[in-house]
Amino acid sequence: MGAKEDLLANIIRHDKSGAVQSIHDKLIEAGLKWKGPSNSETLLYLFRLDGKEVGVAAMRRGIFSFPKSFWGPRGSALHKALSNVPTYTRINVEPAISSSQLYLRASIQLARFRYRVQRAK
């Protein structure tokens, strides 16, 4: 296994909700690429546009985040997408209490999230 696979396995191992594996699978099915640098504890989900990587989500142990660089101008779309996520799982990113929150539009605390895959009928 490579660094990203090791990191994913570690994050999944600590996730009792099943959300990490389900979210990861859905992001990959949607065509996103992923990476997990060996010097990081964060998985990054991205797509390529004009030869550049565009990050759209990140996951680390217990947290699923949406970067401000992509979602800032798409705030209403993110708000709509997260409308079914229980508010008690959301982490306030404003005002930022850590430097990493300066770069986030939204975050979800996965440890408190009871994830259910909604199946298409």
Side-chain angles (χ1 to χ4, degrees):
M1 272 200 285
K4 70 180 184 179
E5 291 84 3
D6 288 342
L7 180 55
L8 176 61
N10 185 45
I11 294 171
I12 289 171
R13 186 171 39 258
H14 290 93
D15 174 38
K16 306 234 185 294
S17 71
V20 171
Q21 183 70 64
S22 295
I23 292 169
H24 174 80
D25 291 346
K26 292 291 182 191
L27 294 173
I28 299 308
E29 286 173 20
L32 294 178
K33 304 297 181 200
W34 62 295
K35 64 182 182 177
S38 60
N39 63 344
S40 175
E41 294 182 5
T42 303
L43 291 173
L44 306 171
Y45 296 88
L46 49 103
F47 65 91
R48 288 195 170 276
L49 180 64
D50 298 329
K52 296 182 181 178
E53 293 181 340
V54 179
V56 297
M59 198 166 6
R60 65 182 189 278
R61 196 165 153 189
I63 307 290
F64 186 49
S65 300
F66 304 89
K68 193 179 284 186
S69 59
F70 181 79
W71 290 106
R74 298 166 181 85
S76 59
L78 180 61
H79 179 75
K80 183 178 178 182
L82 296 178
S83 65
N84 290 327
V85 174
T87 56
Y88 66 85
T89 65
R90 297 182 194 174
I91 300 169
N92 289 330
V93 295
E94 293 179 4
I97 58 171
S98 72
S99 60
S100 64
Q101 286 181 325
L102 293 172
Y103 306 101
L104 300 177
R105 177 73 171 146
S107 284
I108 299 169
Q109 186 177 14
L110 295 176
R112 300 187 69 199
F113 190 58
R114 298 186 191 278
Y115 187 76
R116 272 193 329 216
V117 176
Q118 295 187 2
R119 305 195 190 284
K121 293 183 180 183

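Computed from a prediction, not measured in an experiment: that's the story for all the values here. Keep in mind that the numbers below use all heavy atoms, side chains included, and drop hydrogens, waters and symmetry copies.
Ion pairing between E53 and K35 holds under the 4.0 Å rule for side-chain N and carboxylate O. Taking the charged nitrogens against the carboxylate oxygens, R61 and E41 have no contact shorter than 4.0 Å, which rules out a salt bridge.
Distance alone, capped at 3.5 Å, is enough to place a donor-acceptor pair between the S22 side chain and the G18 backbone. A donor-acceptor pair under 3.5 Å links the side-chain atoms of E5 to the main chain of G2, judged by distance alone.
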Verdict with reasoning, L82 to I108, per side-chain contact (heavy atoms from CB on, under 4.5 Å) = CA-CA 9 Å; L82 296 178; I108 299 169; 3.7 Å; yes
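No side-chain heavy atom of L27 sits under 4.5 Å from any side-chain heavy atom of V56.
The two residues I12 and Q21 come nearest to each other via the heavy atoms CD1-OE1, 2.8 Å. Of all heavy-atom pairs between A58 and L44, the closest is CB-CD2, 4.1 Å. Of all the heavy atoms in G55 and P67, the pair that sits closest is O-CG, 3.4 Å. Closest approach of I23 and M59 over heavy atoms only: CG2-CE, 4.1 Å. Scanning all heavy atoms of the two residues, the minimum distance from V20 to D15 falls at N-OD2, 2.9 Å.
Enclosure of atom NE2 in H14 by more than 12 non-hydrogen atoms of other residues, nucleotides or ligands within 6.0 angstrom is indicated.
Distance NZ/K68 to CG/L78: 12.0 Å, rounded to 0.5 Å.
A perpendicular orientation is assigned to the rings of F70 and F47, their planes being inclined by more than 60° (bins at 30° and 60°).
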